[in-house]
Structures are given as C-alpha cells and as structure tokens.
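Below is one structure; the comments refer to it alone.
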Protein chains: 2
Amino acid sequence: MKIGQLSKVSGCSIQTIRYYEKEGLLNSPNRSEGNFRLYDKRALKELEFVKHCRSLDIPLSDIKTLLALKNKPEESCSSINNLIANQLDLVNKRIKELRVLKTELQLMKKACSTDNTVERCGIMKTLND
Amino acid sequence: MKIGQLSKVSGCSIQTIRYYEKEGLLNSPNRSEGNFRLYDKRALKELEFVKHCRSLDIPLSDIKTLLALKNKPEESCSSINNLIANQLDLVNKRIKELRVLKTELQLMKKACSTDNTVERCGIMKTLND
DNA sequence: ATAGAATCTATAGTTACTATAGAGTCAAGT
DNA sequence: ACTTGACTCTATAGTAACTATAGATTCTAT
C-alpha cells in the first residue's frame with residue numbers, strides 16, 4: 001500500500017509518517033518505479049507500535065531505545081521497566097502541577113463572576129499579585 | 001538595575017527577559033551610556049505579571065491580550081473572564097488525559113515487575129497491542 | 001593597564017509535528 | 001493521445017517558549 005493508505009489505516013498523517021522515517025523510527029520502505037513508498041502489514045505494525053508509545057507521551061528518543069531493544073530479545077528488559085517508571089513519574093508530577101493550576105484558576109474565576117470594567121476585574125487584581 | 005539583577009530578583013533568566021522584550025511583553029527599558037538595559041521597580045512589576053501568567057500556563061499571546069487590556073481600565077473585562085475560563089477548561093482536559101495515561105502506565109508497570117528478557121517483557125508485550 | 005565579569009546582538013537548537021511550494025507520477029475519461 | 005485530477009515526492013519554513021552559543025563591547029577592580 002502507498003503512504004496515503006497507510007495514513008488512513010493508521011490514523012497518522014502522511015507528513016508524520018515521513019517524519020518518523022526520517023527520524024529513524026520506521027524502516028525505509030521499498031519504493032515503486034515512480035519512487036512512491038510501498039508499505040506492507042509489517043510496516044503498519046511498526047507504525048502502530050510507535051503510535052501506541054506516543055499515545056503514552058513517550059518521547060521519540062525513548063521510542064528509539066525501545067525499538068533497538070526489540071531487536072535484542074535476549075537482553076534484560078530492566079531499561080524498559082525504568083523507562084516506563086520514569087514516564088509514570090513524569091505524568092504524576094504533571095498531574096500534581098496541573099491540580100495546583102486548576103485550584104488557582106478556579107479561585108480566579110470566582111474572583112470575577114460578573115461583568116466588570118477591567119479596572120475592577122477581580123481576575124486582573126489577582127494577576128497583579 | 002541591570003538585567004542580571006532583574007534576573008536574580010525575578011527568577012527569570014536573562015535570555016527570557018530579553019525574549020519577552022523582543023516579543024513585546026515588556027517595554028523596552030532605557031539604556032545606559034554603554035547600551036546596557038536599565039530597569040526600575042515598575043519594570044519588575046511588569047515582569048512579575050508576565051511570570052504569574054506563565055505560571056498559570058497562559059500562552060504569551062494571551063498575556064499580550066491581558067497587557068493590552070490593562071491599559072484600557074474602562075473596558076469590559078469579559079474577555080479576561082473568558083480567557084481564564086478557557087485556560088481552566090484546558091487544564092481540566094489535560095488532567096483527564098493524564099489520568100488515562102497514568103492508568104495505562106501503571107498497568108504496564110505491573111505487567112513486568114521482575115527482571116526478564118526483552119522477549120518476555122510484559123511491558124513490551126502490551127506495547128505491541 | 002589589564003583581567004574578569006557582565007552585557008550586547010544575532011543566530012541556531014530544542015520537540016514533535018504541521019504546512020507549504022514546486023515538481024513528478026499515475027489512473028481514468030475523452 | 002491527451003488531459004485532468006488525485007496522489008506522491010523532496011526540501012524548506014513555521015509553531016511555542018524558551019535555551020545555548022559565538023563573538024564583540026562595556027564595566028569594575030586591581
């Protein structure tokens with residue numbers, strides 16, 4: 001199948017697919033006579049792996065690490081475990097940060113429920129603190 | 001005070017201060033004979049306003065809007081209210097997304113608690129789905 | 001006079017894409 | 001055979017909000 005088809009079935013944009021290839025996350029596919037990229041089911045699987053990792057917010061550099069490990073089935077998987085544990089830590093940290101944000105934003109929202117002038121806006125006042 | 005001093009008291013890096021100026025979030029300060037930026041307390045206040053907004057993850061473009069409104073004290077503050085409400089929505093959405101992420105990452109972590117080979121790694125298996 | 005610290009401008013790099021321009025390829029209709 | 005439209009190609013620039021660097025000036029202290 002050509003790149004447009006792969007894009008449809010995978011849900012990744014054409015540009016993203018080409019970008020992943022350039023970044024070394026996907027193998028360079030065979031080309032047609034007219035230089036079009038030709039993909040098979042295996043390529044789709046590879047792309048789906050990357051997509052799944054991205055849906056977990058795993059950075060491309062880490063995905064590269066994972067892909068390299070996939071080719072070394074005999075090695076220890078401890079670095080995979082670490083990678084996921086770190087990702088989980090990051091997510092937890094970010095959730096905490098966002099909760100703090102949420103609280104302050106909610107307070108601000110309450111500070112100016114009615115329609116005022118800018119001068120009297122409760123939100124603007126809190127922003128000046 | 002010079003930019004290094006402002007950086008210290010504000011907690012913003014020197015580059016960030018210059019960047020904010022270039023982006024029009026800070027007024028261009030007076031310069032010394034040797035072309036060094038000279039700031040006063042007012043400038044510090046302005047920077048702190050920007051910093052406070054950024055701590056709420058408000059994008060620079062929105063901060064510009066807020067700064068413009070600060071100079072029009074008679075106008076309605078409804079756009080300020082909207083801006084904060086939108087920001088709150090964004091934060092709430094992101095928190096939800098991250099909770100989903102967290103759940104999946106936790107499941108993955110459990111899937112491979114012991115030290116295995118890559119081939120048998122429970123995490124790698126889930127990533128292939 | 002000079003060494004070291006601080007500052008200046010301009011430019012490039014970061015992350016993960018998205019968007020665009022301009023050219024080439026291919027299948028279907030006339 | 002020709003042309004139209006859809007698809008693909010490469011290369012480049014743009015996005016957000018900074019951070020980092022190079023090379024030149026300026027200032028301060030000895």
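No experiment lies behind these values; they were computed from the predicted model shown. Chain naming here is simple, since letters A, B, ... match the order of the sequence lines and numbering starts at 1 in each.
- Under the 4.5 Å side-chain heavy-atom criterion for ILVMFWY residues, no single connected hydrophobic cluster contains both L107(A) and I84(B).
- Between E97(B) and R94(B) a salt bridge is recorded (basic side-chain N to carboxylate O distance below 4.0 Å).
- Separating the CG atom of L6(B) from the C1' atom of dT7(C) is a distance of 14 Å, rounded to the nearest angstrom.
- Classification of R37(B) and E21(B) as a salt-bridged pair holds, one side-chain N sitting under 4.0 Å from a carboxylate O.
- Donor-acceptor pairing under 3.5 Å is recorded for the side chains of K70(B) and N128(A).
- Separating the CD1 atom of I63(A) from the C1' atom of dC17(C) is a distance of 13 Å, rounded to the nearest angstrom.
- Each end of the helix from dA1(C)-dT30(D) to dT30(C)-dA1(D) yields a helix axis from five base pairs, and these two axes differ in direction by 30° (to the nearest 10 degrees).
- A donor and an acceptor atom, one from each side chain of D115(B) and S76(A), are located under 3.5 Å apart.
- If you check the side chains of D57(B) and Q87(B), you find no donor sitting under 3.5 Å from an acceptor.
- For the pair E23(A) CD and dT15(C) C1', the interatomic distance rounds to 10 Å; values are reported in whole Å.
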### Task
Using a 4.0 Å cut-off on protein heavy atoms (strictly under), produce a 5'-to-3' string for nucleotides 9-19 of chain D with B for base contact, S for backbone-only sugar-phosphate contact, and - for none.
BB------BBB
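- At whole-Å resolution of the value, CD1 in I17(A) and C1' in dA16(C) are 15 Å apart.
- Inspection of the K102(B) and N92(A) side chains reveals an N or O donor paired with an N or O acceptor under 3.5 Å.
- In this structure, V9(B) is not a member of the same hydrophobic cluster as F36(B), with clusters built from ILVMFWY side-chain heavy atoms closer than 4.5 Å.
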